[in-house]
Amino acid sequence: MKKILIIDDEVNVGLLLSKFLTRNGFEVDTATNGGSGMDYLKVNDYDLVLCDFRLEDTDGREMLKNIKALYPKTGVIIITGYSDIKMAVELIKMGAYDYITKPLYPDEILNTITKAIETQYALQEMANNYSTPDKPQKESKKQVLSGEFVVGTSRASKELLKQIELVAPTNYSVIILGESGTGKESVAKSIHLNSLRANQPFIAMDCGSLTKELAASEFFGHEKGSFTGALYTKIGHFEMANGGTLFLDEVANLSYEIQAALLRTVQERKVKRIGSTKEIDLDVRIIIATNESLQDGILKGRFREDLYHRFNEFSIHMPPLRERGNDIMMLADHFLNVANHELDRKVGSFSPEVIECFMNYRWQGNIRELKNVVRRATLLTEGNEITMKTLPLEISNFKVSSYESPNASSTAIEVKEPRHDLKNAALGAEHETILKVLREVNFNKTKAAEILNIDRKTLYNKMKAINLK
């Protein structure tokens, strides 16, 4: 369980934050001043500290300096009721993951905390792998891969590692292409951690969740009072990432207008907050990720060709999990170790039936799906071995169709054992059609329903009937 320390002299704020984070699966301690906060840090290992900037006995700058000096494995987020842009930038440069102004919004703070802990783990992994002075740098770099990407033995994994090592030391903008769940953000972090910007901020931005109205403010920031609802000055993601790397996930979802503004910023290497006349010089490396073809987007008029060419200085294709062969079990073992640590369990292995099932299953959700399946199975396992009964039904009931071999490509279809009757044959054809259309539209259920000429509810019912999630 992740441990968080809250340091805030407003008791009510600390109490509310503590209750909220506890409900979301974190172990939380609270302190009301800097001195007691440091006392907690002496006797506990924390993944993250949420520290108010203005405290009775010190301030956030001094707390950050002390925490980074004494407890470098611990991430820090500074929280304040006062918006000071210069101070925010200074704190991020000093090593704070982020600087958040009150009032706090639950979804925002939870997302920021999750990202901060993931980034801190990745940075620590890098430090551990460079800790042996006589270790050749090239060899150690192969280990500096963050998060969910595990260096495997498959040809696809070796090629991916080679591309990361090649592009990381440069300042090239990178496009990472791949299906959802293949670990695109982990590779982006790996590129950052192996670059000359490794000690500067890595700022991730999910473009898929941005509304047209909020996108400009999130990218470029805004001045207090610049529009209705601008209650405080906000620094944008470009400014936060200055000197480091900005990772834009699902960039294909951005509106055409925002793409135009983004192009100007990328071309001129300057940013101007909404409502301000001052331009800020930028030194930011941009890495983008998408599970859609940007070239198709260009042809359909949804993505700007000039912006695409600005980003496409180097491209990396993420292999789907089903094409990584024996890497599947290497990843499963990795996630089992992680889950054992999280849940304080001692599950040792997978049964032969589970291994066979994992190797044959199509893993449409890729690494993310595998991670969730292993975590769930670890929680449900009572003994030392993960068995079939702990797997979700869509996996334990999975069969490879009789007209394909278990090692076939991604067109394998999930079906139950066939029965030789007309009704079953019709259902099989319907199943195949639904799955084919879903794959063509990257599992966008709204688009699939339109193509199939049925409503979403009917599509969900048919997917449920054939155990397709």
Side-chain angles (χ1 to χ4, degrees), residues 83 85 88-89 92 98-101 103-112 114-115 173-177 180 184-185 188 201-242 244-280 282 284-294 296-298 300-312 442 444 446:
S83 183
I85 299 305
V89 173
I92 290 173
D98 208 344
Y99 179 98
I100 304 175
T101 53
L104 304 176
Y105 300 98
D107 290 342
E108 179 183 350
I109 192 71
L110 191 60
N111 182 58
T112 304
T114 302
K115 296 286 187 184
S173 296
V174 181
I175 297 179
I176 304 176
L177 305 157
S180 179
K184 294 187 288 293
E185 184 170 347
F202 175 87
I203 304 297
M205 187 173 180
D206 182 7
C207 300
S209 63
L210 288 178
T211 64
K212 182 177 177 181
E213 293 74 20
L214 286 177
S217 178
E218 292 295 318
F219 273 118
F220 314 121
H222 62 251
E223 296 289 349
K224 181 178 179 181
S226 57
F227 56 86
T228 303
L231 304 178
Y232 55 87
T233 299
K234 174 184 177 67
I235 59 173
H237 283 67
F238 268 104
E239 199 172 343
M240 290 169 61
N242 210 356
T245 302
L246 177 61
F247 172 65
L248 305 178
D249 197 12
E250 302 305 341
V251 74
N253 293 321
L254 292 174
S255 70
Y256 214 75
E257 294 83 356
I258 290 299
Q259 290 176 37
L262 193 56
L263 177 64
R264 287 194 298 272
T265 301
V266 173
Q267 284 178 333
E268 299 169 9
R269 295 290 166 174
K270 294 179 184 292
V271 67
K272 184 165 61 177
R273 293 196 291 269
I274 298 171
S276 173
T277 58
K278 181 183 177 183
E279 288 189 327
I280 300 165
L282 289 177
V284 176
R285 182 184 197 172
I286 298 175
I287 302 176
I288 71 167
T290 178
N291 60 9
E292 299 181 31
S293 169
L294 295 182
D296 286 348
I298 292 169
K300 294 174 182 177
R302 294 201 305 261
F303 201 83
R304 294 183 63 107
E305 186 173 7
D306 45 8
L307 183 60
Y308 170 77
H309 290 302
R310 282 284 173 181
F311 288 149
N312 193 31
N442 288 318
N444 183 316
T446 300

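- Within the 4.5 Å cutoff, side-chain heavy atoms of Leu210 are placed close to those of Met205.
- Atoms CZ and CD, on Arg310 and Gln259 in that order, are 15.0 Å from each other to the nearest 0.5 Å.
- Under a 3.5 Å cut-off, the side chain of Glu218 and the backbone N or O of Asp206 do not form any donor-acceptor pair.
- Ile286 contributes atom CD1, which lies 6.5 Å from atom CG of Leu248 (distance to the nearest 0.5 angstrom).
- For the atom pair CG of Leu263 and CZ of Phe311, the computed distance is 8.5 Å after rounding to the nearest 0.5 Å.
- A salt bridge is defined here as a Lys NZ or Arg NE, NH1 or NH2 lying under 4.0 Å from an Asp or Glu carboxylate O, and Lys115 with Glu185 meets this definition.
- One distance of note links CZ of Phe303 with CG of Asn253; it measures 10.0 Å at 0.5 Å rounding.
- Looking at Thr265, its side chain does come within 3.5 Å of a backbone N or O of Ala261 through a donor-acceptor pair.
- Considering all non-hydrogen atoms of both residues, Cys207 and Val251 come closest at CB-CA, 4.1 Å.
- Scanning all heavy atoms of the two residues, the minimum distance from Lys278 to Lys272 falls at O-CG, 3.5 Å.
- Between Lys184 and Asp249, the closest heavy-atom pair is CE-OD1, 4.4 Å.
- Aromatic ring orientation, Phe238 versus Phe220: parallel (interplanar angle below 30°, classes split at 30° and 60°).
- In this structure, the separation between OG1 on Thr290 and OH on Tyr308 is 10.5 Å, given to the nearest 0.5 Å.
- A donor-acceptor pair under 3.5 Å is absent between the side-chain atoms of His222 and the main chain of Ile274, judged by distance alone.
- With Arg304 contributing its side chain and Glu257 its backbone, the two residues share no donor-acceptor pair below 3.5 Å.
- Residues Ser226 and Gly275 come closest through the heavy atom pair CB-CA, 3.8 Å.
- Rounding to the nearest 0.5 Å places CG of Leu294 at 8.5 Å from CG of Leu307.
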